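Heavy-atom basis, side chains included; hydrogens, waters and symmetry copies ignored. Given the structure is predicted, the values throughout are model-derived calculations rather than measurements.
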Amino acid sequence: MLYIGIDLGTSSVKLLLSDEKGNILKTASRDYPLIFPRDGWSEQDPEEWKRGTLSSLSELLEGTDRSLIKGIGVAGQMHGLVILDENDEVIRPAILWNDGRTDKEVDYLNRTVGKKRLSEYTGNIAFAGFTAPKILWIKENEPENFKKIRKIMLPKDYINFILTGVHATDYSDASGMLLLDVKNRCWSEEMLRICSVSKEQLPALYESYEIIGKVKEEFGLPEAFVVAGAGDNAAAAVGTGTVGNGKCNISIGTSGTVFISSDSFSVDEFNSLHSFCHADGKYHLMGCMLSAASCNKWFSEEILKETDFSALQKEISDEGLGKNTVFFLPYLMGERSPINDTDARGVFIGLSLDTKREDMVLSVLEGVAFAIRDSFEIAKSFGLCIKESCLVGGGAKSPLWRKIIANVLGIRLNILKTEQGPGMGGVILAMVGAGEYESVKEASCEMLTISETVTPEKELTALYEERYIKYKEIYPALKNVFKTLR
């Protein structure tokens, strides 16, 4: 039997075809545009997702016996607001995860409703990217569109709807809406009331590996079903073996994430990390930073006008690691975890006449690593013993960055032989739905192949410990200054 994984990303959709052993037989992808109606706003037309997915699906299946396709699992960008009318037509462009228009709504939820109540209702507090603030924004600013809403969906759920005609979502993706009672895995009656939303307007809830329906006849896949799928981070975690208590996955992509799976639900005192459902039927903690590899790309391309990142990093000697006097705050787009501050901005500090280009390049790499540790430390406060992590994303390709992160965190970093990300997670979930494996954990661990392990060095870890203590003082000292820069 064959399986299809779909990764509905922010800039493109990627599909992969896999056999029952997890071997990737073929891939296909399509790019689509982002829409920026105003500064800080970010939207996409769901029709672009549909066209890109169906076009890629046709390419993927060319020359393949379609009757062999058993299951499809879709992973996708989280938090995006997709609203459908009574005819299941899209009412307006989707408002995406990285849209920043909801400051007023976030402030209302966190201050007026109150962070304590939000945490009791959902296990989380409001962030600008979450779905509930977007619903409140539509209600306030586009009342005619709000009245038309018959179904509220997330991006990957819209693709599942196109494939099956079923309105469904999974617990991992729904966790990022601020409408789900994460601990009890059900819609929060209190949050629905606050957002003036009914249960009938929301999709049915499923575990990520549960089948939601068969593929519609028109797509010519007679034996295929679709599982509920997962949010991109949960799906990527499944694809990297991050299933089971204390397992960790760190992603250094455009944004950065620290994903730690847990057998039980937990919330930190200040809700600094997201407490979400995992795709394996349990839970996870996640720290999300808005700018990770994008910091390196920005500094290299826009400031230094260099596109050869590896050449820039070759200028940095191992002897200089842990001794840099320049620090960098990687808050180029504000920050989510753990500070939740949309006003925060990027900062270089410690510059002098002795500062060289390589010192600043190194400080960017170190700044991202320190920001990852901020979330890592909160997760460890729950008593989770984290001794190693997978490292994925574009930043994981840099040997220097791997070494820095391993020593800043003081843990082993495992680099995967092949990295297919959320799409592979979708394949695994479909396999579990088909009964190829008894559990997500079994399937995830079976398919994990590690090519390299980066081990921290005692002396270098000690040097980075000293620098991290200094780094932690910078943001609190500048927090009030950032508010004056609006």
Side-chain angles (χ1 to χ4, degrees), residues 236-237 239-253 256-262 284-287 289 292-293 295-296 309-310 312-324 330 358 361-421 444-472:
T240 60
T242 313
V243 180
N245 202 50
K247 292 285 188 176
C248 183
N249 180 57
I250 297 168
S251 175
I252 308 295
T257 58
V258 178
F259 187 109
I260 301 171
S261 59
S262 175
H284 75 267
L285 296 167
M286 185 172 72
M289 55 186 299
C295 291
N296 188 49
F309 301 163
S310 60
L312 284 172
Q313 292 178 20
K314 283 179 181 177
E315 297 176 1
I316 300 168
S317 67
D318 283 355
E319 290 73 24
L321 299 184
K323 302 172 185 176
N324 195 6
E358 54 263 37
V361 173
L362 177 58
S363 74
V364 171
L365 304 181
E366 291 174 332
V368 172
F370 289 143
I372 288 169
R373 180 165 169 180
D374 282 342
S375 291
F376 193 77
E377 288 300 311
I378 294 170
K380 287 201 303 183
S381 71
F382 288 109
L384 292 169
C385 182
I386 306 164
K387 296 182 178 179
E388 63 180 7
S389 174
C390 279
L391 182 66
V392 299
K397 297 175 182 177
S398 163
L400 175 61
W401 219 346
R402 296 176 192 172
K403 184 172 184 175
I404 291 169
I405 295 170
N407 284 282
V408 167
L409 300 181
I411 63 171
R412 297 186 300 272
L413 294 180
N414 296 320
I415 311 301
L416 302 183
K417 185 175 181 180
T418 58
E419 183 189 327
Q420 295 295 340
S444 180
C445 294
E446 177 76 19
M447 295 184 198
L448 183 65
T449 306
I450 296 170
S451 65
E452 178 187 348
T453 297
V454 183
T455 304
E457 303 164 19
K458 188 175 181 179
E459 290 184 6
L460 185 53
T461 298
L463 288 173
Y464 272 124
E465 183 67 28
E466 294 178 7
R467 283 185 42 76
Y468 177 64
I469 291 170
K470 294 177 181 178
Y471 169 88
K472 286 197 300 181

Q: Quick one: pull up CD in Glu315 and CG in Leu400 and give me the separation to the nearest 0.5 Å.
A: 11.5 Å
Q.
Check this for me, if you would: do Glu465 and Arg373 make a salt bridge, where the nitrogen-to-carboxylate-oxygen distance has to be below 4.0 angstrom?
A. yes
Q. Are the side chains of Ile260 and Lys380 in touch, meaning some heavy atoms are under 4.5 Å apart?
A. no
Q | From Glu457 atom CD to Thr455 atom OG1, the distance as rounded to the nearest 0.5 Å | A | 9.0 Å
Q: Let me see the working for His284 and Thr242 under side-chain contact (heavy atoms from CB on, under 4.5 Å), right down to the final yes or no.
A: CA-CA 10 Å; His284 75 267; Thr242 313; over 6 Å; no
**Q.** Non-neighbouring partners of Tyr471 that pass ring-ring contact (aromatic ring centres under 6.0 Å, His included), sequence neighbours left out
**A.** Phe370
Q) If you measure from CG on Leu409 to CD1 on Ile404, what distance do you get to the nearest 0.5 Å? A) 11.5 Å
**Q.** Ala369 to Ile405 - nearest heavy-atom pair and separation
**A.** CB-CG1, 3.9 Å
(Q) Using 0.5 Å steps for rounding, measure from the CG atom of Leu321 to the CZ atom of Arg467. (A) 10.0 Å
Q) Rounded to the nearest 0.5 Å, how far does CD of Glu366 lie from OH of Tyr464? A) 3.5 Å
Q. What are the two closest non-hydrogen atoms of Leu460 and Lys403, and how far apart are they?
A. CD2-CE, 4.0 Å
Q) Could you give the distance from OG (Ser444) to NZ (Lys247), rounded to the nearest 0.5 Å? A) 9.0 Å
Q | Closest non-hydrogen atom pair between Gly410 and Pro456, with its separation | A | C-CG, 3.8 Å
Q | Non-hydrogen atoms of Gly287 and Ser375 that approach each other most closely | A | CA-OG, 3.6 Å
Q. Is any side-chain heavy atom of Arg402 closer than 4.5 Å to a side-chain heavy atom of Ile415?
A. yes
**Q.** Test log, rule side-chain contact (heavy atoms from CB on, under 4.5 Å), inputs Phe376 and Ile411
**A.** CA-CA 11 Å; Phe376 193 77; Ile411 63 171; 3.8 Å; yes
Q: Please name the residue in the list Thr257, Ile252, Val408 that meets the side-chain contact (heavy atoms from CB on, under 4.5 Å) test with Ile372.
A: Ile252
Listing, residues 383-397 side-chain donor-acceptor contacts under 3.5 Å, not counting sequence neighbours, or none:
residue, atom, partner, partner atom, Å
Glu388, OE1, Arg412, NE, 3.4
Glu388, OE1, Arg412, NH2, 3.3
Glu388, OE1, Asn414, ND2, 3.4
Ser389, OG, Cys248, O, 3.2
Ser389, OG, Ile250, N, 3.4

Q. Taking it one step at a time, do Ser261 and Val243 satisfy side-chain contact (heavy atoms from CB on, under 4.5 Å)?
A. CA-CA 6 Å; Ser261 59; Val243 180; 5.5 Å; no
Q. For Lys472, which residues count as a salt bridge (Lys or Arg N to Asp or Glu O under 4.0 Å) partner, sequence neighbours excluded?
A. none
Q: Grab the two heavy atoms, one from Gly322 and one from Leu463, that are nearest each other, plus how far apart they are.
A: O-CB, 3.8 Å
Q) Backbone N or O of Leu365 within a donor-acceptor pair of the Asn296 side chain at under 3.5 Å? A) no
